[in-house]
Amino acid sequence: MVRTRFAPSPTGYLHIGGLRTALYAYLYAKKNDGKFILRIEDTDLERYVEGAVDIIRRTLKDAGITYDEGPDVGGDYGPYVQTERKEIYQKYAKQLVDSGDAYYCFCTKERLEKIHADGAVKYDKHCLKLSREEAEKRIAAGEKYVIRQNIPETGSDTYTDLVFGDITVDYKELEDNVLIKSDGMPTYNFANVIDDHLMGINYVIRGIEYLSSTPKYNLLYRALGWEIPKYIHLQPIMRDERHKLSKRDGDASYEDFIKKGYLGEAIVNYIALLGWSSKDDTEKFTLEQLKERFDIEGLSKSPSVFDENKMRWLNSLYIRELDVDTFHAKALPFYEKVDYLKGYDLRFLSELLHSRCEVLADVGRLTEFLTEFDSFDLELFVNKKWKTDCALARELIPSLKEVVKKGEENLAVNLENLAADKGLKKGQVLWIFRIAITGAQSTPGGATEMAHLLGEKKCLERLEKVYARLSK
Ligand code: GLU
């Protein structure tokens, strides 16, 4: 059975790149009726951020990426939090020391700095020559130590990555990395092997930064007599051609995009395309469809550039699929952030905005005319198609006020009659009326809808203001 995992370090919010790794691992497991596991890699105590595990769990849940086993849901291979597995790593580290595949190292920070200052590019195996007795004596005396992997000095490893093909790395390019740190905690270099094996992970899906260190891990698998999993390394997501999208880019987290008014489904859909494409180039996929369609052949060998405009476009398709009530419910928190919308008929606004929003936060952008009215450009009255201008606007406004005063019920008909009375086209009157009450060239609805939104009192106020400006 296929078993994949997502193994984030709880160092802050869940970056889009991390979420994509989780998504691919999830999709690959589900496509193959397998299991998807969440494992928290929290052994780097200095980078641990309080609350980060909650963010990871919340984000995965919200995005629909459900794990079959993990810290809160349990499973047969737990614990799923690395700091709770300390003894397990200790045990296997000892086994590797026994077999000569690892060794105790007592080198001080000062010595390591010195050898590097003297030109060493990697650790010089200084402590490998210590006898086991001597090392154990020093440990018993309370000396600080780490356990390092003993990488062969010659030879190489070739393994097959399912995306990149055969990868060969000479052992001389690898360093005797620390497996167990002086605080007793394992490093990633060690814990990933132990856990992936003990948790039965047979497809390891992770970032490309691990591609060239994988031979180190393969040495550990072999030393422990374990089967090496299949590897799938993923290219990074880029901000532009040269820079990776990074946590520092501020809005690169799932939650930030939700705050900007993206729908979870659209984010998931978009990030699925950042490094994978379907055979027929379809771009809109629900999570269910992705589960069926996802395949390793579609994974990209080159990095993908994050394109927020494309995500906006996809999001607009998802928004359009919502019925107005659902849209309204989702838009409410966004209306609440826009002060000037207080007092307006928001349900009515939702009817108008539903098909016009690309992201929910557009409810602000699309209604700016409600605040920016006083200073609008009177040249908007000049319209070639309708042959309207400021003079005609000034002439019409008093009659428009009369029409508004007649109430909303027959507004459309009354406007039409006004046009007929004045020998104008309906479109001319509607243009002037809409500009006069909104001050905006494009509005989320026609003249009568805008009049309804504003209500009689505001319409009259606005008509008066415009009239005063036109009369100056
Ligand atoms: N904890 C590692 C990270 O966040 C996981 C890498 C992996 O998937 O093996 O980069």
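Both counts, for ligands and for their atoms, begin at 1 and track the order of listing.
Inter-residue side-chain proximity for Asn218 and Tyr231 is flagged as met; some heavy-atom pair is nearer than 4.5 Å. Taking the side chain as every heavy atom from C-beta outward, Glu69 and Asp76 never approach each other to under 4.5 Å.
Here is the list of ligand 1 atoms found below 4.0 Å of a heavy atom in Ser9: 1 (N), 2 (C), 3 (C), 4 (O). Atoms of ligand 1 lying under 4.0 Å from any heavy atom of Glu41, numbered from 1 in the order shown and given with element: 1 (N), 2 (C), 5 (C). Near Arg5, meaning under 4.0 Å from one of its heavy atoms, ligand 1 places the atoms 7 (C), 8 (O), 9 (O).
Heavy atoms of Phe6 found under 4.0 angstrom from ligand 1: none, in either backbone or side chain. Contacts between Glu209 and ligand 1, counted as non-hydrogen atom pairs separated by less than 4.0 Å, are absent for every part of the residue.
Between the side chains of Gln82 and Tyr188, not a single donor N or O lies within less than 3.5 Å of an accepting N or O.
Taking atom 5 (C) of ligand 1 as the reference point, the nearest protein heavy-atom neighbour is Ala7 O, 3.0 Å. Atom 3 (C) of ligand 1 has its closest protein heavy atom at Tyr210 OH, 3.6 Å. The nearest protein atom to atom 9 (O) of ligand 1, hydrogens excluded, is given as Tyr188 OH, 2.4 Å; this is a heavy-atom distance.
Remark: Glu134 does not engage Lys137 in a salt bridge, criterion side-chain N to carboxylate O under 4.0 Å.
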### Query
Under the side-chain hydrogen bond (donor to acceptor under 3.5 Å, both in side chains) criterion, do Tyr89 and Asp195 qualify, and how do the steps go?
CA-CA 9 Å; Tyr89 309 119; Asp195 289 346; 2.7 Å; yes

### Query
Would Asp295 and Lys279 satisfy salt bridge (charged side-chain N to carboxylate O under 4.0 Å, His left out), going step by step from the backbone distance to the final call?
CA-CA 9 Å; Asp295 54 6; Lys279 289 188 188 74; 2.6 Å; yes

